[in-house]
Amino acid sequence: MTDTPDYRSTVFLPATPFPMRGDLPKREPDLLARWNRIGLWDRTRAAMAGRPAFVLHDGPIYSNGHLHIGHALNRILKDVVMRAHRMAGENVDYIPGWDTHGLPIEWKVEEEYRKSGRDKDAVPVLDFRDECRRYSAHWLAVQTEEFQRLGVIGGWAGRYATMDFGSEAAIAGEICKFLLNGALYRGLRPVMWSPVEKTALAEAEIEYHDRTSDTVFARFPVLGTGPLAGASAVIWTTTVWTLPGNRALAYGPEIDYALVHVDSVAEGSLARPGERLLIALALVPQVCAAAGIATHHVAHVYKGTELAGLVCAHPLRGQGYDHDAPLLAADYVTTDQGTGLVHTAPAHGEEDFLLSRAHGIEVPEAVGPDGTYADWVPLFAGLHVFKAAAPVAAALEAAGGLLARGTLLHSYPHSWRSKAPVIYRATPQWFIRMDGPEAIRAKALEEIARVAFVPEAGRTRLASMVAGRPDWCISRQRAWGVPIPVFVERRTGEPLRDPAVVSRITDAFEQEGADAWYSSPPSRFLGNNRDPDAYEQVMDIVDVWFESGSTHAFALEARGGPWPADLYLEGSDQHRGWFQTSLLEAVGTRGRAPFKAVLTHGFVLDENGRKMSKSLGNVTAPQEVTDKLGADILRLWVVNSDVSEDLRIGPEILKQQAELYRRLRNTLRWLLGSLDGFKENERVPEAAMPELERWVLHRLAELDRRVRGALASHDWTGVYPEIHAFCSSDLSAFYFDVRKDALYCDPADSPRRRAARTVLDHLHRCLTAWLAPVLCFTAEEAWLARFPSEDGSVHLQQFPPIPAGWHDAALGARWAKIREARGAVTAALEAARLEKLIGASLQATVTLPQADAKLLDADGWAEVAIVSGAGFGDALAVHRAPGGKCARCWRVLTEVGQQPGHPALCVRCAGAVGPLACDQAAAE
RNA sequence: GGGCUGAUAGCUCAGCGGGCUUCAGAGCACACGCUUGAUAAGCGUGAGGUCGGCGGUUCGAAUCCUCCUCGGCCCA
């Protein structure tokens, strides 16, 4: 017996310090610190100077609370897209943005006031605004930290915020563009109003409680000469006090209406035998019961559409209520309750207002701030609306208009603060006109046709919203925001349109912030030639959606960057929000859209497709993911999802992403290990490479095309899954597995080994670059493991240029066939393994069908199938390989045992080891 | 109730100008085996789906149409 020498030390095994385990939660913060230390962002910007620009304009996020998973999705996706464009050689700045004004922040500050026992109304407005500003600044800083932890890189120091003085000045300036071009007007609009606090309330300040309201059924006599003339349209209302404000009736075009002939009535009924009433057919029984109509017959049934054009009189006609009440079609009318005909008071309901406005009906300002009827209101002037039900009903009854009375216990809005019931009340508000001479709606629709939408469905969604929306109400009766910096001339009621005043205002805001509006006397803005007493200073603030709709002006245009942006990228809810307001703002002021393309993503749901909520306990917080698994896992989740749809996340899905990550990491690790000691002079030109290597280069060329395609289309879906499949199927399970023999056992300078190492070098460069936008931490680690440097970074690299010649479709097709045939071989090997004929595949030789000889020669097949020998015959067969096992490369060959000096080796290994043995001997 | 959108193996996704290369694919997870020179790794094989449901168009549908169920965004 001879001792077989241990040849392990003569094999070129992978060696790398790149660890198998990511330890991301620990390692990522170190990399962030390193990037800060080496000034990565600034160096990135400097390196890009002068290149063609790609502009992704960041939508502002609300500075209120910690980031949730939706924020993480949005800004990781943006980060990936921008990093990819950077690595494609484009000049990509990132200016993160914040939405810092608005009601929710006012609320938080008020809440803090309450906790400390202070009364918000006693606090001067400037102090209150200052508190709000500090609150926003706090969360802006917290969120900045959290974004950075997610790996989002950008100009954090140069971020924009709507509360910056420059932003406030710019927003005021944008409002004034609408003022000067005539699209801004003041009109009446119903808002939720608390008569107790004498203030408008937002939806969030409303709470619902049960309340008993008086109800009435009322007759509206049909005018004219048609078949319905003399009949009464019957309405039902739970807000009797709004009847003086009636200006129309609404019907449902799809609803059937009955002309009911009253035959007899119960005792005490206000109905009259012989009269004719118009009611929705489905509600006839209920109305008859309520009105005490004992017997009746339906004289005729009308389709809703047949009611078009009818006009009724107000029941109090002749007592100051002489206006007509036309019947108008409305799709919100139902036959759930009431009469199927809806009393419409444009000052006292959102739907009423929109319907009336669409038909050019004026909005009466019938109720004052304290909840009493205005002086001009006939019969009821000065009466409080909550005490009006009885007098109004009495007046109706006296006029013959009352059909029935009742009460109803229902859920009714109350003020969150005073707990008192609220009303809808018409108040003066500021609007931007959609269909005036400025033709904002028409131009916006033209722009929508021009812009690129990814996915395409966004186009119709945005277009239908723009087509159907009313004029834009931009005023709010609030404190934390940008004032609508307008003076109204008391004499005419007209807003002052003076460019000199506008520029005094914006100059002051630029220097002092919008606080100047509150702290300065009006004369400062009006100038010396105008009498301050002749003007009313508007103290409303602008809707925060107008502010965010203006970000393109101050965060893009004013900073000197290209305008419009190449891309807006937000969640699909922004069709109604930011996409739309930005479009309308830009079209109204500049005549065109502020973006060339719009990319939308879906919403993040839990693993069962349900919305996340604290009460369900299914919330995934980004901070938890980074702490437990690492930001790279979360980033991988983003690109492995189809972001055009809603996406899901939860423990199982994250576990899967962690598994996918490990495969990627191990691919990089093996590459690094196998490239150990790689020298430039090892390189082999492509033409001199084996086909297998050229096939890998072809696959790289295909993936490069995929990446470039995504850059152009903005559609990244599927790109990273494909890169993963490449690492897993093409590399790990095939190319690496096949080439281990040559890499480990060939002599260092063998052409085959050198070609493989040349390809591994390309693979390393391509994969680290392609993965860098997503796995920004891991790719950096894999880059530095290969190219250690004090201040180097993969993020300063570009996607490697791929020579056109690498792409070889014919080669790709050929190797697809080879791998198909290989699949048959591995299946046969598995069968042989099951029969205990072989264990490792190198214990086998195979016979391949003669047809496969056209694809590769016998040595080629042995190599690709990782067996010790191959030949051709009638059919696929597996045999136990004859000969001995080479102690170095483990192939089983008959030549083993015949090599002088190396009885345990094959020819190739004896040659590879020979000189080494001499060296060892010499050393000893 | 309306506009837009979705429902394919346990999970993430392909396939959706109908049949022909896929009426069912891939990766991951899972089971079993191999390897022990990527080793808290690697390779192979296998088992998973009546393509949300009912119906229709067609010689033929996951792929087209109606309706229904469940989900999402935005409104009402």
Side-chain angles (χ1 to χ4, degrees), chain A residues 6-16 18-21 252 254 330-334 336 350-351 354 455 457-465 467-469 571-577 580 600-611 636-637 639-642 644-663 665-674 717-718 720-722 724-729 732-734 736-738 740-741 743-745 822-823 825-834 836 838-843 866 888-890:
Chain A
D6 182 6
Y7 288 101
R8 197 171 195 279
S9 63
T10 72
V11 178
F12 302 107
L13 294 178
T16 173
F18 185 84
M20 182 177 285
R21 288 178 55 96
E254 308 293 324
D331 54 17
Y332 56 78
V333 179
T334 68
D336 295 340
E350 185 77 18
E351 288 174 333
L354 294 173
R459 187 189 311 279
T460 45
R461 190 165 176 184
L462 187 54
S464 69
M465 284 177 180
R469 66 158 301 139
S572 59
D573 57 332
Q574 299 303 331
H575 287 104
R576 170 154 292 268
Q580 188 185 168
T600 51
H601 60 249
F603 272 66
V604 185
L605 309 172
D606 77 0
E607 287 185 323
N608 299 314
R610 302 285 168 156
K611 197 192 297 215
L636 194 58
W637 164 75
V639 296
N640 279 338
S641 303
D642 178 358
S644 69
E645 304 284 338
D646 289 339
L647 32 181
R648 301 177 180 202
I649 198 168
E652 190 185 343
I653 290 168
L654 284 167
K655 193 181 154 207
Q656 181 183 349
Q657 296 306 326
E659 291 296 332
L660 296 172
Y661 170 84
R662 281 167 57 183
R663 169 52 62 103
R665 185 173 180 95
N666 272 317
T667 300
L668 293 170
R669 180 166 187 265
W670 188 85
L671 271 175
L672 288 164
S674 298
T717 312
Y720 282 94
E722 196 166 322
H724 185 275
F726 172 69
C727 288
S728 184
S729 303
S732 191
F734 180 58
F736 290 174
D737 212 28
V738 168
K740 279 175 194 167
D741 175 72
L743 286 162
Y744 295 176
C745 302
R822 183 183 189 261
V825 175
T826 52
L829 288 170
E830 185 66 17
R833 202 168 277 137
L834 204 65
K836 306 287 183 199
I838 59 165
S841 60
L842 283 175
Q843 291 171 1
I866 318 183
R888 184 162 173 276
C889 73
W890 301 343

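By convention in this document, chain letters (A, B, ...) are assigned in the order of the sequence lines, proteins followed by strands, and residues within each chain are numbered from 1.
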Applying a 4.0 Å non-hydrogen cut-off, can you work out what [X] is touching in the nucleic acid: base, sugar-phosphate, or nothing?
X	result
G673(A)	nothing
R461(A)	base
S641(A)	sugar-phosphate
A733(A)	sugar-phosphate
Q656(A)	base
D573(A)	sugar-phosphate
R648(A)	sugar-phosphate
H724(A)	sugar-phosphate

### Query
Hey, are K655(A) and E652(A) close enough for a salt bridge, meaning a charged N less than 4.0 Å from a carboxylate O?
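Between E652(A) and K655(A) there is no salt bridge, as every charged N stays at least 4.0 Å from the carboxylate O atoms.
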### Task
May I ask you to decide whether D573(A) forms a salt bridge with R576(A), counting only side-chain N to carboxylate O separations under 4.0 Å?
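A salt bridge is absent here (no side-chain N lies under 4.0 Å from a carboxylate O).
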What is the base-pairing partner of [N], counting Watson-Crick and G-U wobble geometry with both distances under 3.5 Å?
N	result
G25(B)	C13(B)
U36(B)	none
G46(B)	C30(B)
G1(B)	C75(B)
U69(B)	A7(B)

Rounded to whole angstrom units, what separation is found between the [atom1] atom of [X] and the [atom2] atom of [N]?
X	N	atom1	atom2	answer
E607(A)	G71(B)	CD	P	18 Å
R459(A)	U5(B)	CZ	P	14 Å
R576(A)	C74(B)	CZ	P	10 Å
E351(A)	G1(B)	CD	P	15 Å
N608(A)	G72(B)	CG	P	11 Å
F603(A)	A7(B)	CZ	P	19 Å
D646(A)	U5(B)	CG	C1'	8 Å
Q574(A)	U5(B)	CD	C1'	17 Å

Phosphate-side-chain proximity, [X] and [N], N/O vs OP1/OP2 below 4.0 Å:
X	N	value
S464(A)	C4(B)	no
K655(A)	A29(B)	no
R8(A)	G37(B)	yes
S728(A)	C28(B)	yes
K611(A)	C73(B)	yes
R610(A)	G71(B)	yes
T334(A)	G1(B)	no
Y720(A)	C13(B)	no

Could you tell me how far [M] sits from [N] if I compare only their [atom1] atoms? Round to whole Å.
N	M	atom1	result
G71(B)	U8(B)	P	15 Å
C65(B)	A29(B)	P	38 Å
G2(B)	A47(B)	P	47 Å
C11(B)	C59(B)	P	38 Å
G27(B)	A9(B)	C1'	12 Å
A61(B)	G18(B)	P	13 Å
C64(B)	C51(B)	C1'	16 Å
C68(B)	U22(B)	P	37 Å

### Query
How many angstroms lie between atom CG of D642(A) and atom CG of L647(A), to the nearest 0.5 angstrom?
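Rounded to the nearest 0.5 Å, the CG-CG separation comes to 8.0 Å.
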### Query
Short question: side chain of W637(A), backbone of A658(A) - any donor-acceptor pair under 3.5 Å?
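Here the side-chain-to-backbone pair does not exist.
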Compare the minimum distances between each of [options] and the side chain of [X], then state the nucleotide with the smallest one.
X	options	value
R663(A)	C13(B), G44(B), G42(B)	G42(B)
E652(A)	C73(B), G10(B), G44(B)	G10(B)
D737(A)	G37(B), G42(B), C34(B)	G42(B)
R833(A)	G6(B), G33(B), A38(B)	G33(B)
R21(A)	G42(B), A76(B), A40(B)	A40(B)

### Message
Return whichever of G458(A) or N666(A) has its heavy-atom-nearest nucleotide of RNA chain B closer to the 5' end.
### Response
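Counting from the 5' end, the first nearest nucleotide belongs to G458(A).
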### Query
Want to settle it: does G823(A) or Y744(A) sit nearer the 5' end of RNA chain B, counting the closest nucleotide to each?
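It is Y744(A) whose nearest nucleotide is closer to the 5' end.
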#### Entry: Side-chain donor/acceptor of S732(A) to base of A38(B), under 3.5 Å
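Yes, the side chain and the base share a sub-3.5 Å donor-acceptor pair.
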### Task
Report yes if the ring of W890(A) lies under 5.5 Å from the six-membered base ring of G37(B) with planes under 30°, and no otherwise.
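The base of G37(B) is stacked with W890(A) (centres under 5.5 Å, planes under 30°).
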### Task
Write down the atom of F12(A), the atom of L743(A), and the distance for their closest heavy-atom approach.
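In this case the closest contact between F12(A) and L743(A) is CB-O, 3.5 Å.
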#### Entry: Shortest non-hydrogen contact from Q657(A) toward N640(A)
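Residues Q657(A) and N640(A), closest heavy atoms: OE1-ND2, 2.9 Å.
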### Task
Kindly indicate whether the side chain of F603(A), heavy atoms from C-beta on, has any atom under 4.5 Å from the side chain of S572(A).
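When only atoms from C-beta onward are counted, S572(A) and F603(A) do touch, with a gap below 4.5 Å.
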#### Entry: Close side-chain approach of Q656(A) to E659(A), heavy-atom, < 4.5 Å
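Answer no - side chains too far apart.
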### Task
Kindly indicate whether a cation-pi arrangement holds for R665(A) with F18(A), taking the cut-offs as under 6.0 Å to the six-membered ring centre and within 45° of the axis.
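Geometry flag: set, cation within 6.0 Å and 45°.
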### Task
Mind telling me if G6(B) is syn or anti? Syn here is a glycosidic angle within 90° of 0.
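Anti for G6(B); the angle lies over 90° from 0.
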